[in-house]
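The chains referred to below are lettered A, B, ... by the order of the sequence lines, with proteins before strands, and numbering in each begins at 1.
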Amino acid sequence: MLDIQIFRDDPDRIRADFSKRGIDGSIIDEVLLLDDRWREVRFEVDQLRKSRNSAARMISEAKKKGDEGEVKSILGEVSNLGSKIESLEEEAERLISKRDSIRMQIPNLLHEAVPTGENDQKNVEISRHGESPIFNFEPKTHNELIEMNRWVDLPRAGKITGSRQYFLMGDLARLEMALQQYSADFLIDRGYTLVQPPLMMNRKAYEGVTDLSDFETVMYGIEPDGYYLIATSEHPLTAMMMDEVIEPANLPIKMVGVSPCFRREVGAHGMSDRGIWRVHQFTKVEQVIICKPEESWGYHTELLGNAKDLWDSLGLHYRVVDICTGDIGTVASRKYDLEAWLPGAGEFKEVVSCSNCTDYQANRLKMRYRKSGGNEAVHTLNSTAVATSRALVAIIEQYQTNNGAVIVPDVLIPWMRGKKILEPNQ
RNA sequence: GCAGACGUCGCAUAGCCUGGUAUUGCGCCGGAUUUGAAAUCCGGUGUCCCUUGGACUCGGGAGUUCGAAUCUCUCCGUCUGCGCCA
């Protein structure tokens, strides 16, 4: 959510962003209109309350003097104030909640360098890393390999739950746990605090961290308690300090979250999203930073650097992409993706997303840090380290061998108790 | 699930019974003093609208009242005990 002060002081800045994104800016004027009217009504209410307060004080004085006549006469003067105030308060409440429900739908201001474009086709490749593996055979897709090695059982998961569910079995399940442990340790070594968050959140906290439309398309609701299963540990980790004023000495807060992630994945997806590429549940190791505004772009680079170093250490070939205006979404001000090379599929596909959300989530969450001259919203950043299901796909496809076996990346071997090759499941 | 206690400004704490401007300490910010620092002293330190100024704020909401941190109801959370349980 954008600071209301930006609407008042510099609405053209928001309008400029809207035109970059190619969306209609008339709701900006609606916010301004509602804000003006709210402030008028608010002023009127304050004036009425002022006279009520002074009357209350005078009654107190008169009672101390024992002057009952005076008390009665003041009571007569202010008897209708209560209902007047009440109705104006209702009006003010209506105006500000309308104002803010619109404000909640307005996306974050973009970093000036975000490339302009309508959709993901216009994302800009920044760099490539690692080597594309060279095969003397036709590389298979991950879904062929997991099926022939019986590492994943999709039909039976479909039977007991539904589509896009899976049993992960045998050596691939071990590799999944190895990836979690290795990636978490990788970031712990860089000063990040390991956090295992609640896997459900209430509506209020969740609205603080995500686009409202995600409640329809992304999150699972839990009834009868009205909770939502988290779509990523970014959400509980970022919302953790909701409604708090953070002491500057405690910043930056650097965390590495590990959790299952739940996603409804509503909508049609292509055939290339078969196997375990796009599923309703996966584990993710996530980096989250809460920091002072002036430090956030530096930390954005740090998060991207961590992700690159981690993927380099796994020996995987990938590229970094600068996400354009049409693909960046509501919350981020700037976003980079890592896209891993999938030799079986013959394309680069998204495995990491690294965002600076500036003060957008912090404003929604009322998350500030102490600052002389007025507390200020913090900045929040997040980046995938590894989403295990997708990292497994990248490893399976890049480390596959002629006979369909998969070599374990060197750094994961200790976590596999020395095992160097994934064996087929019985 | 049952019973009880509790929730006050960043933290801690008083006020609640008996309704009438939210106390004090710590921390933080500014200033004085100092060669510098410590110590000490003074002032400030939540939110909103701002026009001198005003209004709001005691977990959230509602009620009673001229007036609610204080009384009533309700919801939420924390803690303790009992029960159940990996």
Side-chain angles (χ1 to χ4, degrees), chain A residues 1-9 31-101 103 196-208 222-228 236 239-253 260 290-292 294 359 362-378:
Chain A
M1 185 163 69
L2 304 183
D3 192 335
I4 189 67
Q5 216 55 47
I6 300 175
F7 289 86
R8 292 173 188 162
D9 297 345
V31 169
L32 282 169
L33 187 71
L34 287 162
D35 186 52
D36 273 348
R37 285 174 56 201
W38 170 70
R39 286 198 281 181
E40 277 169 32
V41 175
R42 176 58 199 264
F43 182 76
E44 214 174 322
V45 171
D46 280 0
Q47 293 306 307
L48 290 175
R49 277 205 275 235
K50 182 181 176 183
S51 28
R52 185 176 68 181
N53 288 345
S54 71
R57 246 173 262 132
M58 276 150 62
I59 288 169
S60 174
E61 293 290 319
K63 277 198 171 170
K64 270 183 209 159
K65 281 187 286 185
D67 188 345
E68 285 303 319
E70 174 78 4
V71 171
K72 283 216 176 79
S73 101
I74 300 168
L75 283 181
E77 281 174 37
V78 298
S79 59
N80 64 338
L81 270 185
S83 60
K84 252 190 189 169
I85 290 173
E86 198 176 340
S87 71
L88 279 173
E89 273 174 344
E90 277 167 26
E91 173 72 359
E93 176 55 34
R94 200 184 59 76
L95 288 166
I96 199 167
S97 71
K98 184 84 204 299
R99 182 196 82 178
D100 287 344
S101 76
R103 203 149 63 98
Q196 295 185 347
L199 305 184
M200 301 171 224
M201 287 170 67
N202 61 43
R203 176 96 192 191
K204 180 170 177 276
Y206 225 133
E207 285 185 351
I222 307 288
E223 294 307 337
D225 297 297
Y227 298 151
Y228 293 88
M240 202 172 170
M241 309 288 172
M242 177 170 85
D243 290 330
E244 293 188 32
V245 180
I246 303 167
E247 293 299 337
N250 296 331
L251 294 174
I253 298 169
I290 299 171
C291 69
K292 294 179 190 172
E294 62 269 25
D359 60 0
N363 282 329
R364 287 172 172 237
L365 292 164
K366 293 195 176 59
M367 206 157 70
R368 299 93 73 209
Y369 76 101
R370 183 167 308 287
K371 192 181 180 190
S372 60
N375 300 338
E376 194 177 10
V378 292

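Each of A:R49 and A:A55 was assigned the nucleotide of RNA chain B with the nearest heavy atom; the assignment lying further toward the 5' end belongs to A:R49. With the nearest nucleotide of RNA chain B identified for both A:V245 and A:R368, A:V245 has the one nearer the 5' end.
Residue A:N375 places no side-chain N or O under 4.0 Å from the OP1 or OP2 atom of B:U45.
Rounded to whole Å, the separation between the C1' atoms of B:U33 and B:C41 comes to 8 Å. Here the separation of B:U57 from B:A5, taken at their P atoms, is 27 Å to the nearest Å. With P as the reference atom, B:U13 and B:U47 are 23 Å apart, rounded to whole Å. Separating the C1' atom of B:U70 from that of B:U18 is a span of 10 Å, rounded to the nearest Å. The separation of B:A22 from B:C56, taken at their P atoms, amounts to 10 Å, rounded to a whole angstrom. Comparing B:C84 with B:C9, their C1' atoms sit 41 Å apart, to the nearest whole Å. On the C1' atoms, B:G59 is 36 Å away from B:U52, given to the nearest whole Å. For the C1' atoms, the distance from B:U8 to B:C58 is 4 Å, rounded to whole Å.
Remark: B:U35 base-pairs with no nucleotide; criterion is Watson-Crick or G-U wobble with both hydrogen-bond distances under 3.5 Å. Using Watson-Crick or G-U wobble geometry with both donor-acceptor distances under 3.5 Å, B:U64 finds no partner in any strand shown. Pairing partner, B:U45: B:G27, with both Watson-Crick or wobble hydrogen-bond distances short of 3.5 Å. Base pairing annotation: B:G7 forms a Watson-Crick or G-U wobble pair with B:C76, both donor-acceptor distances under 3.5 Å. Base pairing of B:G83 is not made with any nucleotide, judged by Watson-Crick or G-U wobble geometry with both donor-acceptor distances under 3.5 Å.
Nucleotide B:G10 holds its P atom 10 Å from the CD atom of A:E244, rounded to whole Å. Remark: P of B:C29 and CD of A:E376 are 16 Å apart, rounded to the nearest angstrom. As a whole-Å value, the separation of A:L88 CG from B:A55 P is 16 Å. The separation between A:N53 atom CG and B:U65 atom C1' is 14 Å, rounded to whole Å. One atom, CG of A:D243, and another, C1' of B:G10, lie 14 Å apart when rounded to the nearest Å. For the pair A:E93 CD and B:C48 C1', the interatomic distance rounds to 13 Å; values are reported in whole Å. Rounded to whole Å, atom C1' of B:U47 lies 15 Å from atom CG of A:N363. A straight line from CD of A:E247 to C1' of B:C28 spans 7 Å, rounded to a whole angstrom.
Between A:E44 and A:R49 there is no salt bridge, since no side-chain nitrogen of the basic residue lies less than 4.0 Å from a carboxylate oxygen of the acidic one. Salt bridge annotation for A:D35-A:R39: present, with a cationic side-chain nitrogen under 4.0 angstrom from a carboxylate oxygen. At a threshold of 4.0 Å, the pair A:E40-A:R37 does not count as salt-bridged, since none of the basic side-chain nitrogens sits closer than that to a carboxylate oxygen. Of the charged side-chain nitrogens involved, none lies within less than 4.0 Å of a carboxylate oxygen, so that A:R94 and A:E90 do not count as a salt-bridged pair.
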Side chain to side chain donor-acceptor pair (under 3.5 Å) between A:Y369 and A:E376, intermediate numbers included:
CA-CA 6 Å; A:Y369 76 101; A:E376 194 177 10; 3.2 Å; yes
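Counting heavy atoms of neighbouring residues, nucleotides and ligands inside a 6.0 Å radius, atom CD of A:Q196 does not exceed 12 of them.
The distance from atom CG of A:D359 to atom CG of A:L2, rounded to the nearest 0.5 Å, is 7.5 Å. The CD1 atom of A:I96 sits 4.0 Å away from the CH2 atom of A:W38 when rounded to the nearest 0.5 Å. Residue A:M1 holds its CE atom at 5.5 Å from CG of A:D100, rounded to the nearest 0.5 Å.
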Short N/O separations, protein against nucleotides 49-53 of chain B, under 3.5 angstrom:
residue, atom, partner, partner atom, Å
B:C49, OP1, A:R8, NH1, 2.7
B:C49, OP1, A:R8, NH2, 2.5
B:C50, OP1, A:R39, NE, 2.9
B:C50, OP1, A:R39, NH1, 2.1
B:C50, OP2, A:R39, NH1, 3.0

